[in-house]
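Worksheet for the structure shown next.
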Amino acid sequence: MSNKLKIGIAAAVVVVVVAGAGAWWFVLRDTAEPEASVEAVAADQEGDGGDAPGTIDGEWVVQQGDSVFVGYRVTEMFAGDTLEKTATGRTPEVEGSMTVDGDTISEATVTADLTQLESDQNRRDAALSTRGLETGQFPDGTFELTEPITLPSAPEVGETVEVVAVGDLTIHGETAPVEVELEALWEGSTISVAGSTPIVFADFGMEAIDIAGFVSTDDEGTMELQLSFVPA
């Protein structure tokens, strides 16, 4: 084997290795955000809710902050579905309210601006404007409670409770019933809430994203949220 051929083969190997490392770093490495956590939002909102009311009863509204978001978690597949990566995107533009009466949450509504969803890839964010959620045509996502939530007992300050919120989710211009598993923590001046629910794209008239056979998504994902409520 000539020296020129050896050098050529070595150079080709280097290119392949560098290209593979680049693909891993920029595309395939796991950069997914951690799952929604009531502890995370509670820690961030500590002391931001003003004076604590004497009771949890009444109307509470979403207070925006660094840890407040509504977002998605979905599996992306590369190279003919042989490689997988978890993708997450989040929007901090969230509004909402809920009404608490003793051990009952009688009303709750949350609306998120989905045009502000951000992930670690600008191309992914731009694609959602015309694919999947099609946020250019359907900019908002809304959840509305359809059944009162009955707590095990009246909440106590510092106590975390687990509940299931049954309601209607509207995304992509279509509405379907969902059950959102939540954790909530009342800390006097704030109520921190975090949770998630699985989403089947077809239930909302959406299709899995497939870009030229290079990258595609699963046909289902997860909606996640972290919210902080303060007295209205």
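Note that the numbering runs from 1 along the sequence shown for the chain. Quick caveat, the model's predicted, so the values are computed rather than measured.
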**OP:** Dump the intermediate steps for side chain to side chain contact (heavy atoms under 4.5 Å, CB included) on V62 and V68, then the final yes or no.
**Re:** CA-CA 9 Å; V62 171; V68 170; 4.3 Å; yes
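- Residues E144 and T109 form a side-chain contact, since some pair of their non-hydrogen atoms from C-beta on lies under 4.5 Å apart.
- Atoms CD and CG, from E59 and D101 in turn, are 13.0 Å apart once rounded to the nearest 0.5 Å.
- Judged as a side-chain hydrogen bond (donor to acceptor under 3.5 Å, both in side chains), and not counting sequence neighbours, the contacts of T115 are D113.
- Considering only heavy atoms from C-beta on, V61 stays 4.5 Å or farther from F229 through its side chain.
- Taking all atoms of both residues into account, the shortest heavy-atom contact from T222 to S196 is CG2-CB, 3.7 Å.
- Rounding to the nearest 0.5 angstrom, the gap separating the CG atom in L227 from the CD atom in Q64 is 10.5 Å.
- The pair D120-K85 meets the salt-bridge criterion, since a charged nitrogen lies less than 4.0 angstrom from a carboxylate oxygen.
- The side-chain hydrogen bond (donor to acceptor under 3.5 Å, both in side chains) test applied to T104 returns no partner, not counting sequence neighbours.
- Contact between V70 and A112 at its shortest, heavy atoms only, is CB-CB, 3.8 Å.
- Residue T88 holds its OG1 atom at 5.0 Å from CD of E33, rounded to the nearest 0.5 Å.
- To the nearest 0.5 Å, atom OG1 of residue T142 and atom CD of residue E95 are 10.0 Å apart.
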**OP:** May I have the step-by-step check of side chain to side chain contact (heavy atoms under 4.5 Å, CB included) for F201 and V74, ending in yes or no?
**Re:** CA-CA 11 Å; F201 297 164; V74 66; 4.0 Å; yes
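- The shortest side-chain heavy-atom distance between T175 and L169 does not fall under the 4.5 Å cut-off.
- By the side-chain hydrogen bond (donor to acceptor under 3.5 Å, both in side chains) test, E181 pairs with no residue at all, sequence neighbours left out.
- Y72 has its side chain out of reach of I199: every pair of non-hydrogen atoms, C-beta onward, lies at least 4.5 Å apart.
- Within the 4.5 Å cutoff, the side chain of E207 has no heavy atoms near those of the R131 side chain.
- A heavy-atom distance below 4.5 Å is found between the side chains of V41 and S228.
- Across all their heavy atoms, E35 and Q226 have their closest contact at O-OE1, 4.3 Å.
- Here the side chains of E76 and L83 are not in contact, with every heavy-atom distance at 4.5 Å or above.
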**OP:** May I have the step-by-step check of side chain to side chain contact (heavy atoms under 4.5 Å, CB included) for M206 and I171, ending in yes or no?
**Re:** CA-CA 9 Å; M206 297 185 294; I171 53 176; 3.9 Å; yes
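- If you take OG on S67 and CD on E39, they are separated by 12.0 Å, rounding to the nearest 0.5 Å.
- Distance check, rounded to the nearest 0.5 Å: OG of S97 to CD of E107 gives 7.5 Å.
- Judged purely by distance below 3.5 Å, without hydrogens or angles, the side chains of E93 and T91 never pair a donor atom with an acceptor atom.
- Taking both residues in full, the closest heavy atoms of W60 and T55 are given as CZ2-O, 4.4 Å, listed atom of the first, atom of the second, then distance.
- The two atoms that bring S106 and P148 nearest to each other are CA-CB, 4.4 Å, heavy atoms only.
- When atom types are taken as modelled, the side chain of T197 and the backbone of E179 share a donor-acceptor pair closer than 3.5 angstrom.
- The two residues I56 and V100 make their nearest non-hydrogen contact at O-CB, 3.6 Å.
- Counting non-hydrogen atoms of neighbouring residues, nucleotides and ligands closer than 6.0 angstrom, the CD atom of E134 exceeds 12 such neighbours.
- Looking at residues two or more places apart in sequence or on another chain, you find a ring-ring contact (aromatic ring centres under 6.0 Å, His included) between F138 and H172.
- By the side-chain hydrogen bond (donor to acceptor under 3.5 Å, both in side chains) test, S119 is found to be paired with R124, D125, residues two or more places apart in sequence or in another chain being considered.
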Only distances under 3.5 Å count here; give the side-chain donor-acceptor pairs of residues 151-167 to other protein atoms, sequence neighbours excluded, each with its distance to 0.1 Å.
residue : atom : partner : partner atom : Å
E159    : OE1  : E156    : N            : 3.3

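- Counting heavy atoms from C-beta on, the side chains of F69 and V94 never come closer than 4.5 Å.
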